[in-house]
Amino acid sequence: MKVLNFGSCNIDYVYTVDRIVISGETKESSSLEVFSGGKGLNQSIAIAKAGTKVYHAGCVGNDGEMLISVLEENEVDVSLVKRVDDKTGHAIIQLTDDGQNSIILYRGANGLLSKEYIDEVLKDFCCGDVLLLQNETNNVDYIIDSAYEKGLKIFFNPAPFSEQVKKIDFSKISYLIVNEIEAQGIGGKSTPEENVKHISEKYQSINVILTVGSKGAFYTDCGEIKYQPAMKVDVVDTTAAGDTFIGYLLSGITKGDTIVSAVKRATVASAIAVTKKGAAVSIPKRDEVIMAEKILKPNLCAVDKNQILKDKIVKYLQDNLCVASLNGLAKTLCYSNGYTSELINKLFGKPFSELLIDMRCNLAAELLINTDLSVAEIIYNVGYENASFFRKIFKNRYGKTPYAFKKMKKGDSDDVKA
Ligand code: RIB
């Protein structure tokens, strides 16, 4: 089985700034450094450093010889790279002291992949081989269609997200590696888990791996959504963290590792990458990653998982107040009814039915105070048909019937005015 990465090569100009420039502003940078980069190049180097042989294909311009040398130095096979008479792609990167970045891309040679060149490259690959792609070159849809026809297994990282991604036939993809923006662009849902669930249900062939920066990654494993926390490290530069993750992930999976261990190792590798400045140069070697895997601790403060779950439960109840059910919530969270019920008891200290009643009563109280809706209208709006039942549970919580509560609150505010 051979691995081919059809991707971009960039020269990265990294400007250090105290914060990212805003619209209309001019800022001086404290330094300029030039690094080898491009999602394609970075991912090829990550695959090679992870210990898997990889062929890199893509176009480099007149000023890009140093990128080919860097690929070679890192033991990437460059025999398929094409030299074109144009400028090499480049990236202008603003980097802040706390490791955040913002990137402007110039496509240059990365936009010159002709169909003839693509066909020529793919001639050397056959059924069972692996193809990796990002979205920094042209003709991505053509490469996917041609590779799929030949029976290659496709790993796709649709970064950076653009309209071009919408032309892709995702049913041809085996592994989709996305960040939150890309996942939302493809899945259209608001939370990472919802997008993982939605995309993997829509395209049965896809394994989705969604990285959420310092919070870690969500991924599918035999239909189940799993979570891998990121590792605790001091962040210097996040550039190429995602590329490192993808290279290590692909290497692990093609070597036969389980998705659980491949995602864990990829997480450790990208944690090391963010502790160093630069793109390709920050990608660690396999030995370093294996050592770090024994030492690094998960960054559990970055994500208070319980808080995220609580927010999701509350959001579901708010959005579905009148029709909320344990079954509906369990489906939204992708858990079983039994587990969801236990989870609610653990997180809120009460059962689902009590929590729902609380939310309905709280909303009713708010409407009673702030609107002129009648008590009957409010009862209906918060999801009850049986008005006497609602009056009883409202009285249990607020010590007064809805009508008495409204009257009392109105009296309070009249007093204030007076
Ligand atoms: O993913 C990081 C890369 O994105 C940088 O190296 C830069 O070239 C941009 O393509």
Side-chain angles (χ1 to χ4, degrees), residues 5-17 20 32-50 56 58-61 63-64 66-71 74 76 81 87-96 99-113 132-138 140 155-162 164-165 177-183 209-214 217 235-250 266-267 269-284:
N5 179 16
F6 231 125
S8 59
C9 293
N10 287 337
I11 301 172
D12 287 356
Y13 297 95
V14 180
Y15 298 85
T16 307
V17 286
I20 307 290
L32 164 63
E33 286 161 281
V34 182
F35 293 105
S36 312
K39 293 187 195 304
L41 177 144
N42 298 338
Q43 292 180 23
S44 280
I45 291 180
I47 295 169
K49 284 192 174 176
H56 186 91
C59 294
V60 166
D63 50 346
M66 74 123 166
L67 299 179
I68 298 181
S69 306
V70 167
L71 283 166
N74 285 287
V76 173
V81 173
K87 265 187 166 319
T88 297
H90 73 250
I92 295 173
I93 304 180
Q94 296 178 52
L95 176 67
T96 64
Q100 301 312 306
N101 65 30
S102 99
I103 304 181
I104 297 175
L105 279 178
Y106 173 72
R107 219 178 216 195
N110 296 317
L112 298 178
L113 274 58
L132 170 64
L133 283 160
Q134 311 76 32
N135 188 37
E136 269 186 0
T137 63
N138 65 319
V140 171
F155 285 63
F156 183 40
N157 167 222
F161 189 78
S162 72
Q164 182 174 241
V165 173
I177 310 107
V178 282
N179 67 14
E180 285 172 275
I181 297 171
E182 294 138 18
I209 300 100
L210 197 168
T211 56
V212 280
S214 63
V235 178
V236 172
D237 180 2
T238 57
T239 313
D243 300 331
T244 306
F245 182 97
I246 292 165
Y248 268 83
L249 178 87
L250 182 147
T267 303
S270 62
I272 300 172
V274 302
T275 63
K276 299 174 196 162
K277 215 170 186 183
V281 75
S282 70
I283 301 168

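As the structure lists them, so they are numbered: ligands from 1, and atoms in each ligand from 1. All residue numbers in this chain count up from 1 along the given sequence.
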| message | Measuring only between side-chain heavy atoms, which start at C-beta, is Asp243 closer than 4.5 Å to Ser270? | response |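 Asp243 does not reach Ser270 side chain to side chain.
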
| Considering only heavy atoms from C-beta outward, does the side chain of Val34 approach that of Ile11 to under 4.5 Å? |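 Yes, at least one pair of side-chain atoms sits under 4.5 Å.
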
| query | Applying salt bridge (charged side-chain N to carboxylate O under 4.0 Å, His left out), which residue pairs with at least one partner in residues 37-46 are found, sequence neighbours left out? | reply |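 Pairs touching residues 37-46 that pass the test: none.
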
| request: Only counting residues at least two apart or in another chain, list the ones meeting side chain to side chain donor-acceptor pair (under 3.5 Å) with Gln164. | output: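 Gln164: side chain to side chain donor-acceptor pair (under 3.5 Å) contacts with Asn135.
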
| query | Rounded to the nearest 0.5 Å, what separation is found between the CD1 atom of Ile177 and the CD1 atom of Ile246? | reply |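 Answer rounded to 0.5 Å: 5.0 Å.
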
| request: List in chain and number order the residues that pass ring-ring contact (aromatic ring centres under 6.0 Å, His included) with Phe155, two or more places apart in sequence or in another chain; answer none if no residue qualifies. | output: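 Here the qualifying residues are Tyr175.
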
| query | Can you pull the residues with any heavy atom under 4.0 Å from ligand 1? | reply |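 Around ligand 1, where the cutoff is 4.0 Å for heavy atoms, the contacting residues are Asn10, Asp12, Gly37, Gly38, Lys39, Asn42, Ala91, Leu105, Glu136, Thr239, Ala240, Asp243, Ala279.
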
